[in-house]
Number of protein chains: 2
Amino acid sequence: MVTPSRKQREIQEREAQILKLARPILLREGYQPLSMDRLATLMEYAKGTLYNHFPNKEEIVLALAIESMELRLKMFEAASIASRVPRERLLAIGAACELYTQSCADHFAIEDWIRNSTIWNKSSTARQDLIRQCEGRCMSIVSGIVRDAVAHGDLKLENDLTAEEMIFGFWAINYGSQVLAATSPSLVSLGVPNAPRAIRHHCFTLLNGFGWQPMGDFADHIKAMDRFGDLLRKQFADQLTNR
Amino acid sequence: MVTPSRKQREIQEREAQILKLARPILLREGYQPLSMDRLATLMEYAKGTLYNHFPNKEEIVLALAIESMELRLKMFEAASIASRVPRERLLAIGAACELYTQSCADHFAIEDWIRNSTIWNKSSTARQDLIRQCEGRCMSIVSGIVRDAVAHGDLKLENDLTAEEMIFGFWAINYGSQVLAATSPSLVSLGVPNAPRAIRHHCFTLLNGFGWQPMGDFADHIKAMDRFGDLLRKQFADQLTNR
DNA sequence: TCAAATATCGACGATGCGTCAAAAAAAGTC
DNA sequence: GACTTTTTTTGACGCATCGTCGATATTTGA
């Protein structure tokens, strides 16, 4: 018994609208000012109706994060085919990370909320699974590049390191530096005025440390990342909000 | 006009007691279950008295984080004099990080709360400054090691990288991986069963990428870190709670 | 011993989450 | 079109928590 559909569509669209209203509040005012009453008023629906869509406030945050992670995933997919040389493909992923955090700072900030235990623990396993799945797809795109590099003879993994473990390192350094840059009270006064450049340098050093061919010098590395950055910026021009 | 002191001491001690009661709640039950009413009941004082000590709930969290960061700082200080070889001193710092996150998981988890914008923004600049100061001291301990290495000729910083920027990389990779390990839904299923080992490997690779002398092989690296870990574990035996 | 200063108390207002029974709207039936 | 049944919407309600503030108790100092 398929429910015809006008009403059904209406409900579906409302869900998107809730998220659209919630996003800027969470982003620009924070978690507490994002209240269900306020959201209901803005929507011009009763609070109870909101609760038909989301069982609690936390789920809204997760839903927002899922939207964001899907954008990131698309960027990763685009980056992963930006070159035929594995090392460059990884640089392109790095450029995607930069672009995402800098020009989709909103999305990046939202993703971070899901690491908050208060929020994570109150949300449904269904949405948690979606997030896990997204993470898994991101990981397999990037670890695939590593495997290609190994297959092409550009890279040798030593000491039983797996492709995923290797990627974990790049993930950690990128994620870590971005969070630190965003939340550490004044990196500048700690002596790190240009965090993005520092990170590029570290990734460069790490790649060389692994002996990943072909190794250029740091200037080449910078140039390549800028090139991929521009490429992605064009491809995703309509999605880049900030800066 | 110095207030005599019995009462004054009493008040001072109460502050410590509040933190002592608050810590396990925040840790084991989370931010929301840590309520001012509950804390007041536990203290057998009225809520208003609590508010004489801390202007709001967030400040309590910051105060806890400061306690934790001071322990970390002590570990860093101990680590930084655990050897005369700069590269080994940095390994010792790495071991301190490991020990802190693994065996003082409580403290590490608490530190992370202050990165929550909700909490940070509601706290006083006075306590925020204390935190900044702590971070600064940590940074200067570790960047001092880098400078020593340069002075001893063990390391050459290229491409205008400063000691602080270099440290920032290690900080990011350690911090990032620890947060990811703690919050990323099942790293294991992503293909990273042994995150700590992976991080050791990445730090090893990074050090070599920078050409920091003397370079041993990975087995030596592991051995050295284990040695420093044991050393610190003994020194801080009384403070290590978990595991 | 008593007045001024300080500390403590806990009821109170305000806010926000999530519920649920009643009302409204839509879908289905003849 | 008149009806019954199902689904959706509503918003007042119960409950919890934060932070306040005037009243009360305690300490200090003369």
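To find a chain, count down the sequence lines: A is the first, B the second, and so on, and within it residues start at 1. Since we're looking at a predicted model, the values are computed, not measured.
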Quiz item: Between A:L50 (CG) and D:dG11 (P), how many Å, whole number?
Solution: 12 Å
Quiz item: So which nucleotide from C:dT8, D:dT17, D:dT10 ends up closest to the side chain of B:T49?
Solution: C:dT8
Self-check item: Candidate nucleotides C:dT19, D:dT9, D:dC18, ranked by approach to the side chain of A:Y45 - the nearest
Solution: D:dT9
Practice problem: Using the closest heavy atom to pick a nucleotide of DNA chain C for each, name whichever of A:M36 or B:A46 lands nearer the 5' end. | Solution: B:A46
Exercise. Return the nearest nucleotide to the side chain of A:R14; candidates are C:dC17, D:dG19, D:dT9.
Key: D:dT9
Quiz item: Separation of B:I11 atom CD1 from C:dA5 atom C1', in whole Å?
Solution: 13 Å
Quiz item: Does NZ or CZ of B:R115 come closer than 6.0 Å to the centre of the six-membered ring of B:Y175, within 45° of the ring's axis?
Solution: yes
Self-check item: Whole-Å distance separating the NZ atom of B:K122 from the P atom of D:dC18
Solution: 9 Å
Quiz item: A:E58 has a side chain; which of C:dG18, D:dT9, D:dT10 sits nearest to it?
Solution: C:dG18
Quiz item: In terms of side-chain heavy atoms of B:K47, which of C:dC17, D:dT20, D:dG11 is nearest?
Solution: D:dT20
Exercise. Specify the separation, in whole Å, of atom CD of A:Q32 and atom P of D:dT17.
Key: 14 Å
Practice problem: Rounded off to whole Å, could you give me the CG-to-P distance for the A:L34 and C:dT15 pair? | Solution: 17 Å
Quiz item: Counting only heavy atoms not in A:E29, do more than 12 fall under 6.0 Å of its CD?
Solution: yes
Quiz prompt | Integer-rounded Å distance: D:dT8 C1' and A:E13 CD | solution = 17 Å
Practice problem: May I ask you to test the A:W171-B:L190 pair for a side-chain heavy-atom distance under 4.5 Å? | Solution: yes
Practice problem: For B:L39 and D:dC18, give me the distance from atom CG to atom P, rounded to whole Å. | Solution: 9 Å
Quiz item: In terms of side-chain geometry, is the basic nitrogen of B:D106 or B:R23 positioned less than 4.0 Å from the acidic oxygen of its partner?
Solution: no
Quiz item: Is there side-chain contact between A:I66 and A:C134, with heavy atoms separated by less than 4.5 Å?
Solution: no
Exercise. Find the distance B:Y51:OH to D:dC18:P and express it as a whole number of Å.
Key: 6 Å
Quiz item: Any side-chain N or O of B:N52 under 4.0 Å from OP1/OP2 of C:dT8?
Solution: yes
